[in-house]
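Every chain is numbered from 1 and lettered A, B, ... according to where its sequence line falls, protein lines coming before strand lines. Note: hydrogens, waters and symmetry copies are ignored here, and every other heavy atom, side chains too, is used.
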Protein chains: 2
Amino acid sequence: MLKLTKRTEYALTALSHMQSQGEGELTTAREISEKYSISFQLLSKILQHLSKENLIKPIQGAKGGYKLITDLTEISLWQFLEMMEGPLGLVDCIITSECQKMDGCVILSPIHKINKTVQNIFMNIPISDITN
Amino acid sequence: MLKLTKRTEYALTALSHMQSQGEGELTTAREISEKYSISFQLLSKILQHLSKENLIKPIQGAKGGYKLITDLTEISLWQFLEMMEGPLGLVDCIITSECQKMDGCVILSPIHKINKTVQNIFMNIPISDITN
DNA sequence: TTTATACAGGACTAAATGAGTCGTATTAGC
DNA sequence: GCTAATACGACTCATTTAGTCCTGTATAAA
Ligand code: SF4
Ligand code: SF4
């Protein structure tokens with residue numbers, strides 16, 4: 001119930017790498033894929049996704065690549081996880097606001113409270129804590 | 001990356017119910033299954049598992065059932081989750097101590113730190129916070 | 001203008017995990 | 001001996017995650 005998806009791990013690895021390359025530098029998917037032994041095709045999709053989320057900017061064509069265009073201190077781990085994995089929550093009713101067992105559920109309220117606790121912690125961790 | 005398994009939810013629901021029944025009272029799987037609309041067979045396995053973990057004591061035969069034999073204030077959410085779902089960790093290398101990508105991994109150390117943070121929080125939440 | 005390099009993205013397959021079922025055995029009260 | 005309860009292995013079904021395949025588009029440079 002706690003494990004990051006590989007997608008998330010790879011995304012963090014990629015961002016970490018790009019950040020270490022210095023401001024405005026280009027990095028290719030191939031480069032990261034080879035350095036960290038990540039499937040090129042899979043990594044490509046992840047980078048495309050990070051582009052859509054405006055964390056990096058893609059440059060097409062030969063001599064192309066990706067450029068980091070975000071201050072990673074401004075993005076919380078919670079935000080990032082939701083970017084990568086979709087809405088988060090300890091239980092379905094937090095994620096979709098729906099559950100047939102809702103009335104009569106005896107654990108709903110305490111679980112929501114714990115969920116909030118975790119959320120608060122993750123919201124206070126910038127992903128730069130990971131990529132630095 | 002945060003969702004509890006149904007097994008865990010059902011286990012918590014069952015414990016909550018049993019706790020509300022008062023000390024030394026017997027509860028049957030059927031009873032809980034019907035009250036909370038949980039598959040009887042599935043719930044049975046979960047209760048059997050809780051028995052093996054010595055949280056409840058099974059009494060066989062007619063007029064049998066399960067009896068809560070643990071002080072739930074003494075069991076942390078972390079312990080409980082590991083009971084129900086096995087070893088927890090944000091990444092594989094925390095769970096199995098193994099990963100081919102370990103050397104050269106740039107996110108390992110910061111991820112371990114965050115993992116520790118979450119672990120500490122969960123270790124300080126007794127499951128009685130949920131079942132009460 | 002051709003060629004090589006890089007991103008874009010839909011469709012698909014494979015593997016792993018989670019959820020739930022079936023059937024049968026065992027135990028014990030009445 | 002009948003009934004009501006737990007015990008448990010083996011199985012099926014559903015969902016999610018991981019990874020692949022293939023074709024298309026953009027652009028720098030020869
Ligand atoms: S309402 Fe209760 S059973 Fe339904 S998802 Fe929320 S916590 Fe789980
Ligand atoms: S070593 Fe790095 S890549 Fe491997 S599991 Fe740990 S964090 Fe993930």
Side-chain angles (χ1 to χ4, degrees), chain A residues 1-11 13-14 18 25-34 36-53 55-67 69 81 84-89 91-92 95-96 99-101, chain B residues 1-11 13-14 18 25-34 36-53 55-67 69 81 84-89 91-92 95-96 99-101:
Chain A
M1 62 85 51
L2 208 60
K3 219 173 76 175
L4 304 177
T5 62
K6 288 296 174 190
R7 270 172 58 84
T8 304
E9 275 198 57
Y10 297 160
T13 300
M18 293 177 79
E25 282 293 315
L26 278 190
T27 317
T28 67
R30 182 70 61 184
E31 188 182 332
I32 298 173
S33 146
E34 280 170 1
Y36 302 99
S37 310
I38 300 169
S39 148
F40 168 71
Q41 299 270 13
L42 184 50
L43 180 63
S44 292
K45 303 235 155 147
I46 292 166
L47 294 175
Q48 281 161 35
H49 187 224
L50 291 177
S51 298
K52 287 204 180 142
E53 298 284 356
L55 297 199
I56 61 183
K57 185 181 171 195
I59 315 254
Q60 283 201 333
K63 298 279 174 187
Y66 295 95
K67 189 173 13 174
I69 54 169
L81 288 171
M84 297 305 299
E85 309 186 5
L88 295 181
V91 286
D92 279 333
I95 300 171
T96 68
C99 173
Q100 294 159 328
K101 302 198 178 92
Chain B
M1 63 83 53
L2 209 62
K3 219 172 78 176
L4 304 177
T5 61
K6 288 296 175 192
R7 272 172 58 84
T8 304
E9 274 198 55
Y10 296 160
T13 300
M18 292 177 79
E25 283 293 315
L26 277 190
T27 317
T28 68
R30 182 72 60 186
E31 188 182 332
I32 298 173
S33 146
E34 280 171 1
Y36 302 99
S37 309
I38 300 169
S39 148
F40 168 70
Q41 299 270 15
L42 184 50
L43 180 63
S44 292
K45 302 233 156 149
I46 292 166
L47 294 175
Q48 281 160 35
H49 187 228
L50 291 177
S51 298
K52 286 204 181 141
E53 298 283 357
L55 297 199
I56 61 184
K57 185 181 171 195
I59 315 252
Q60 283 202 331
K63 299 279 173 186
Y66 295 94
K67 188 172 18 172
I69 54 169
L81 288 170
M84 296 306 299
E85 308 186 5
L88 295 181
V91 287
D92 278 334
I95 300 171
T96 69
C99 173
Q100 295 159 327
K101 302 197 177 92

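- Rounded to a whole Å, the CE atom of B:M84 is 12 Å from the P atom of C:dG18.
- Separating the NZ atom of A:K67 from the P atom of C:dA6 is a distance of 17 Å, rounded to the nearest angstrom.
- Regarding B:K3, its NZ atom lies at a distance of 12 Å from the C1' atom of C:dT17, rounded to whole Å.
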Are any protein N/O atoms closer than 3.5 Å to N/O atoms in nucleotides 11-13 of chain D? If there are, list each pair with its distance.
none

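- Here the closest heavy-atom approach between residue B:L43 and residue B:A14 is recorded as CD1-CB, 4.4 Å.
- The OH-P distance, from B:Y66 to C:dT27, rounds to 15 Å in whole Å.
- B:K3 is linked by a side chain to side chain donor-acceptor pair (under 3.5 Å) to A:D92, counting only residues two or more places apart in sequence or in another chain.
- Residue-level contact check: A:K52 touches the backbone only, with heavy atoms under 4.0 Å from sugar-phosphate atoms and none from bases.
- Of the residues in residues 36-46 of chain B, those with a non-hydrogen atom less than 4.0 angstrom from any atom of DNA chain C are B:S39, B:Q41, B:L42, B:K45.
- Taking the side chain to side chain donor-acceptor pair (under 3.5 Å) definition, one finds that A:S33 meets it with nothing, sequence neighbours left out.
- Using a 4.0 Å heavy-atom cutoff across all strands shown, A:I59 reaches sugar-phosphate atoms only and no base atom.
- Looking at A:M84 and B:M1, their side chains never come closer than 4.5 Å, going by heavy atoms from C-beta outward.
- When rounded to the nearest whole Å, the span between NZ of B:K6 and C1' of D:dT16 equals 15 Å.
- Inter-residue side-chain proximity for A:E9 and A:I38 is flagged as unmet; no heavy-atom pair is nearer than 4.5 Å.
- Looking at A:K101 and B:Y36, their side chains never come closer than 4.5 Å, going by heavy atoms from C-beta outward.
- Side-chain contact between B:E53 and B:H49 is present, with at least one heavy-atom pair separated by less than 4.5 Å.
- Mapping A:A29 and A:M1 onto DNA chain C via the closest heavy atom, the residue that lands nearer the 5' end is A:A29.
- Across the protein-nucleic acid pair, B:E85 atom CD and C:dA16 atom C1' stand 16 Å apart, rounded to whole Å.
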Could you list the donor-acceptor pairs under 3.5 angstrom formed by side chains in residues 55-64 of chain B, with sequence neighbours left out?
none

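- The phosphate of C:dG20 (OP1 or OP2) has a side-chain N or O of B:Y10 nearer than 4.0 angstrom.
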Listed pairs, N/O of protein and of nucleotides 27-30 of chain D, under 3.5 Å:
unit_1, atom_1, unit_2, atom_2, d
D:dT27, O2, A:A62, N, 3.3

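- Straight-line distance from the CG atom of A:D92 to the P atom of C:dG18: 14 Å, rounded to whole Å.
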